[in-house]
Structure formats: structure tokens, C-alpha cells
2 protein chains.
Amino acid sequence: MTELDKTYTAISVQALKRLPLYLNYLKSLDREKTKIISSPAIAKALGLNEVQVRKDLAAIKSGGRPRTGYLLEKLIGDLDTYLGYSNVNEAVLVGAGHLGRALISYQGFETYGLNIVVGFDVDETVVGTEICGKKVLPLEKLVSLCHRMHVNIGIIAVPAENAQEVCDLMVEAGILAIWNFAPAQLTVPAHILVQNENMASSLALLSKHLKKKMSKA
Amino acid sequence: MTELDKTYTAISVQALKRLPLYLNYLKSLDREKTKIISSPAIAKALGLNEVQVRKDLAAIKSGGRPRTGYLLEKLIGDLDTYLGYSNVNEAVLVGAGHLGRALISYQGFETYGLNIVVGFDVDETVVGTEICGKKVLPLEKLVSLCHRMHVNIGIIAVPAENAQEVCDLMVEAGILAIWNFAPAQLTVPAHILVQNENMASSLALLSKHLKKKMSKA
DNA sequence: TAGATTGTTAATCGATTAACAATC
DNA sequence: TAGATTGTTAATCGATTAACAATC
């Protein structure tokens, strides 16, 4: 990574992951009543360290005021802009099984600027149907459609054994970021980001915690 | 954390999260053909560092052999036991909206030893219905049912603004581990684990990556 | 034996937290 | 001014990776 890139990504991965939490919390506040919010207040509400909050917010250059805090309205706006929620990102999804259907019909993503425009599957019984108004097309059309519509985000919700081939298709289709729900490690060119939504990892943590509790009880 | 606790949890959170990846990969191999697998081979397949793999596997005490590697069958068994997938954990889910319905109907969790036994909701139009054979009950029955059935895992799939109250109910119901899909930071007693499935954080990473790509192009 | 691999100790890297000057 | 807060530098903590002895 060059020096230039460093200034570019002057925020850590961990900090970036926390930004949506701040934004979500700040948006939950009553902007009529609360004009200013301080880092200790945010930290307390979210169970974080106040220095961490300040450092994270410093990265988005929203400029707080000593003694008072941050201007709520401005902070929300800056977070929104920084996270890119203001401009909607279009995505395609492959795999219209249980999980895929859920993701397509889940309304919550639009809040975060993600819009799933179409689904793909190989199963002829689901191809041609609609899920919440979104069409399900045959997988063969993935590459041409992505190119034509300049879609940059691909969501993988297929079984682990088919994940890599779908991934390869997405790369071919010019997708730049892949959100992978399959429990598989994907191999991609360096410029493409794979974000694993690793439910198995989460379950491992839960399971371990319970085992510990049980053996103690 | 006491010295005793340290030996107890001699594995790091990050390492624990990787164990399911190893298990998943090992299970995908043909056990007839492959009797032995080495850490460099696992590392290469999953795109990890081989020392990291060895260190992670050392924590589960499966004992590899210098020059050859690990016995595949034994390693799978040990990982399975360590992760607690062998004994199924029963869970309740609150919130039968889009996401909740998806989670209830998703078959994949049983592989990881998680069995969602029943759903809860406050909406009278969904209470009494069934989703993939799982009943949806009124939220008032949560506490009594969890106590009666000794359920230890709770899944929260309600909007952010209701997450804390549902969480409090779960704590009252004796739940020990909470899998939280709501974009909210939950406050719980120290002995209870909250595992946040933070889709907003993942989207933040995707969004940032794309923004960078775009500005460069 | 020579060579490949395990398991562990030491060095490095990155993220969090503590300390503190600057500010209003 | 006194006091609360920001922003940054230094110290700490935890995880990853490099180095290497032990093993078969």
C-alpha cells in the first residue's frame, strides 16, 4: 500500500464497521430536542469507549466543539455522506432459495443505500417468477445484464459448493464488491472485495459461550 | 479475567471464528481419498497463513504428525465436538417479519447444531400461523415457554426500536446467548452473550470499497 | 539421513485505551 | 476563570506472522 493510499483509507476496518452504529443511534435521537451530542454520551449509549468514539468521528472530519460536542444534524449528514448511503448502490443476487428470497424481500437494506434490482437462479421452477416485485432470471443472463446496467455489487446466496463458480461469473460480469452468504472462502482478483457474512462464525461464538455456561452450571 | 478463565478460553475470538471455516472445508473433502491433511494445504485452500492454521488447530488439541499432517477423520470429529455442533441447541426467534421468516425457514442452521423451535410476534395477523412447520406464538408466551423447554438461545429479528425490550424479555426468560439481527446495541447482564449480526457494518465496508474504486476509475 | 511438517517462542503489526494539551 | 469536551500522541493490549527447534 502506498503512502497515498494510506491517507485515502485513513480509517481502520474496525472503525468503519462502527460508523453505521453511530449513524443509527444518532438518527434515533429527536433532532428537535437534541441539537448537540458529545462523545461520552454516544459512547455510553453504545457501550463503547469515549476516546474510540472521538477517534472514529475524527476520521470523518465532522469537527466537534470542545466543551459542547458535535452538532447532531451535521454529524448525521457527514456520516451519511461518508458511508455513501446518499447514493443508492444497485446489486444483483444469485440464489433464490430460502436465504436468497429473504434477502430480496428484506426492506431494510434500502436504508443503507442498497437496492437489489434482480435475482438469478438456475432452478427452472423459480426462474421467471417474482419475489416482492423483483424478477428472478436465469443465471446465463447475469453477465450481460450486469454489464448493461453497470451493477457493481453481487450477493451470493447459493450453497457452498456453487459459490466459487457464481463468484467467477460475477467477476466476469464486472462486479467490484461481493457480499458472500455462502459458507465458503472465495478466490477473487486483488481489486475485488469479498465481504463474508459468516453466520457459521457467529454460531461458533454462541455455541462456545453456551458450552462454557453449561459446564459451569 | 482470572488465570483459570484464561486456560478455559485459551482460544482467541478470531481463531474461534475461523474454526467453522476449517470444519466446512474439511467436510467438503473426499474422506475415502484423503486420509491426512496438512496445515499448508488447509491454509492454501482457505487463503490463510499456515502458521495461523496450526496455531488455531493446536487449540483444539487434535495432534498433528510432523512430516505428514493431521488425520482428517479425527480432525473433523474434534472440531465438531469443540464447536458443539454434535449436540443441537434449541432456539426461539422473535420477529416474524421478512428477516425473521427467512431465518426460521432457512434450513442451513441445523448443520451448525441450531434448531429454531418456535417463533414469536406481536402482530395478530401472523400469530397462530406456521412458517415451515414452526409455530408463531404471541410474545407474551415467550418467558413461560423458554423456562418450560429450557431454551438457551434467542434470536432477535425485530426493528431496532423494539430490540431492547425483546432482549429484556429474553433475559427474563433465562436465555443465555442472544443472536441479534436488529441494528441496535443491546444492554445485557455480564453473563449473557450478545452476538451481533451486523449487516449494516458489512454494507459500510462494501460501500466504502466501491466509493474508492469509483473515484479512482 | 534429508526433507516436510508440527508446535512454540519471539517479533511484528494493528487496534484500543490512557494521558494530556488545546479549546471554548 | 473553572470545567467539560475535543483531538492527538504515547502506552497497552491482542492477534498475526516470522523464526526455529522437535519430530518422524
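Throughout, protein chains are lettered first and strands after them, A, B, ... in sequence-line order, and every chain is numbered starting at 1. A quick note: this is a predicted structure, and the numbers were derived from the prediction, not measured.
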For DNA chain D, what dot-bracket results from Watson-Crick or G-U pairs at under 3.5 Å, with [ ] for crossers and | for inter-strand partners?
..||||||||||||||||||||||

Distance below 4.0 Å between Ser39(A) side-chain N/O and dT6(D) OP1 or OP2
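Indeed, a polar side-chain atom of Ser39(A) lies that close.
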
Gln164(B)-Asp168(B) side chain donor-acceptor pair, cut-off 3.5 Å
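On atom types as modelled, these side chains qualify, holding a pair under 3.5 Å.
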
For Lys208(A) and Tyr82(B), test the side chains for any donor-to-acceptor distance below 3.5 angstrom and give the result as yes or no.
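Yes, Tyr82(B) and Lys208(A) have a side-chain donor paired with an acceptor closer than 3.5 Å.
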
Nucleotide by nucleotide, 5' to 3', does protein get under 4.0 Å of the base (B), only the sugar-phosphate (S), or neither (-) in nucleotides 14-24 of chain C, counting heavy atoms?
-SBBB----BB

Donor-acceptor under 3.5 Å (Ser38(B) side chain, Gly69(B) main chain)
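Pair absent, no side-chain N/O of Ser38(B) close to backbone of Gly69(B).
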
Nearest-Å distance, [atom1] ([X]) to [atom2] ([N])?
X	N	atom1	atom2	result
Leu57(A)	dT8(D)	CG	P	12 Å
Lys61(B)	dG7(C)	NZ	C1'	11 Å
Ile42(A)	dT5(D)	CD1	C1'	12 Å
Ile11(A)	dG7(D)	CD1	P	14 Å

Distance, nearest 0.5 Å, that separates [atom1] of [X] from [atom2] of [Y]:
X	Y	atom1	atom2	result
Asp30(A)	Lys35(A)	CG	NZ	9.0 Å
Asn89(A)	Asn115(A)	CG	CG	9.5 Å
Glu197(A)	Ser202(B)	CD	OG	3.5 Å

Check the pair Glu50(B), Ser39(B) against side chain to side chain donor-acceptor pair (under 3.5 Å), reporting the backbone distance first and the verdict last.
CA-CA 6 Å; Glu50(B) 61 169 87; Ser39(B) 58; 4.8 Å; no

Any salt bridge between Lys27(A) and Asp80(A), counting N to O under 4.0 Å?
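Yes, charged N to carboxylate O under 4.0 Å.
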
